[in-house]
Amino acid sequence: MTVTSLSDLNTPRLPSGRHRLTKGDVVASQRGRLIVALLEAAANKGYPATTIGDVVERAGVSRKTFYEHFSSKEHCFQAGFTITAEVVIGQLEAAAAAPHEDWRALVRATVQAYVDALAAEPAAARALHIETLSAGATVLDQREAMLRLFADLLRQACREARGGTWPEPPVEWFRFAIGGIDDRIRECLRGPGADALPALGPMLADCALALLRG
């Protein structure tokens, strides 16, 4: 199943008794609900305080079912992080692939697509930018890899938009830009909340453009 938003995972609880769903449908539904339940619980309570009991209660499954899908809370969170990153990256790639007047417009559209995608998924946004910091070394490694990928996507998009005459900045500049964007998003989530993220887009794009003019 192609996941374009976390709502694709958050299917209704399965009907009791006999039904016509395949085993694959049941497995996908349970796994998706568990992932969403963990992201939402972590957004509400914080990752360290979230228990497997919180997750299974939200997902409407048994503890036994949880362990059929995941070996631990950390394993479930890693899966949620991966899917969330894939959703966001898909929206960034779509924004970058659309026609743009010039490379500046491309940067603005890409940054805006990023904050808009996060605003649409508040629990996932908090998971990516806040709860990952307390979710263990493996998730921290995933987070660093995601930020590097975002920087590479921005670098490639700018390169294609500006052509061969662009004095391309060092790759570290792109990572610095993405790191700054990440920091501002985290502060917004801790303060006004996800609904305020879209309004950050123009300022974040201005900062990235100032850095990347080359």
Side-chain angles (χ1 to χ4, degrees), residues 1-10 28 31-32 35-36 39 77-132 139-166 168-186 188-189 194 197-214:
M1 179 179 68
T2 301
V3 178
T4 58
S5 74
L6 290 185
S7 61
D8 295 338
L9 297 177
N10 200 20
R31 182 179 176 86
I35 288 172
V36 172
L39 295 177
F77 192 84
Q78 290 163 20
F81 184 96
T82 298
I83 290 175
T84 300
E86 289 173 353
V87 168
V88 173
I89 288 167
Q91 297 192 32
L92 291 180
E93 289 177 336
H100 298 287
E101 180 181 351
D102 58 22
W103 77 279
R104 296 172 183 82
L106 181 147
V107 170
R108 291 191 181 281
T110 304
V111 171
Q112 193 63 49
Y114 186 35
V115 292
D116 288 347
L118 295 174
E121 305 283 3
R126 189 171 183 90
L128 283 177
H129 291 276
I130 297 176
E131 300 309 324
T132 52
V139 174
L140 282 176
D141 289 343
Q142 285 182 283
R143 180 178 183 277
E144 289 302 315
M146 180 194 72
L147 293 177
R148 287 195 299 271
L149 177 57
F150 286 176
D152 290 342
L153 289 173
L154 180 59
R155 182 188 188 196
Q156 182 63 31
C158 289
R159 178 186 295 161
E160 292 177 0
R162 294 202 69 173
T165 61
W166 184 35
E168 183 174 318
V171 64
E172 289 80 8
W173 288 24
F174 293 91
R175 292 178 181 172
F176 186 82
I178 294 298
I181 289 171
D182 176 71
D183 180 75
R184 293 300 89 201
I185 288 173
R186 183 164 49 254
C188 184
L189 290 169
L197 286 173
L200 279 182
M203 182 273 289
L204 295 177
D206 284 344
C207 292
L209 286 169
L211 180 67
L212 300 177
R213 284 196 177 98

How many angstroms lie between atom [atom1] of [X] and atom [atom2] of [Y], to the nearest 0.5 angstrom?
X	Y	atom1	atom2	value
Phe174	Arg159	CZ	CZ	8.0 Å
Leu147	Asp152	CG	CG	11.0 Å
Glu86	Gln91	CD	CD	12.5 Å
Met146	Ile178	CE	CD1	9.5 Å

Which atom of [X] lies closest to which atom of [Y], heavy atoms considered:
X	Y	answer
Ala119	Ala194	CB-O, 3.5 Å
Glu93	Leu153	OE2-CD2, 4.1 Å
Thr110	Ala95	CA-CB, 4.3 Å
Pro198	Gln112	O-NE2, 3.0 Å

If we only count heavy atoms from C-beta on, is the [X] to [Y] side-chain gap below 4.5 Å?
X	Y	result
Ile89	Phe150	yes
Cys188	His129	no
Glu131	Phe77	yes
Val88	Leu128	yes
Leu200	Val111	no
Phe81	Leu39	no
Leu209	Arg108	yes

**Request:** Report yes or no: does His100 contribute a side-chain atom to a donor-acceptor pair with the main-chain N or O of Ala98 at less than 3.5 Å?
**Result:** yes

**Request:** Ignoring hydrogens and angles, tell me if any N or O in the side chain of Glu121 forms a donor-acceptor pair with the backbone of Thr84 under 3.5 Å.
**Result:** no

**Message:** Checking Leu189 against Leu197 for the side chain to side chain contact (heavy atoms under 4.5 Å, CB included) test, could you report, in this order, the C-alpha distance in whole Å, the side-chain angles of both residues, the deciding distance, and whether it holds?
**Reply:** CA-CA 8 Å; Leu189 290 169; Leu197 286 173; 3.9 Å; yes

**Asked** Among side-chain atoms of Gln142 and Thr132, is any donor-acceptor pair under 3.5 angstrom?
**Response** no

**Message:** If the threshold is 4.0 Å, N to carboxylate O, is there a salt bridge linking Asp182 and Arg186?
**Reply:** yes

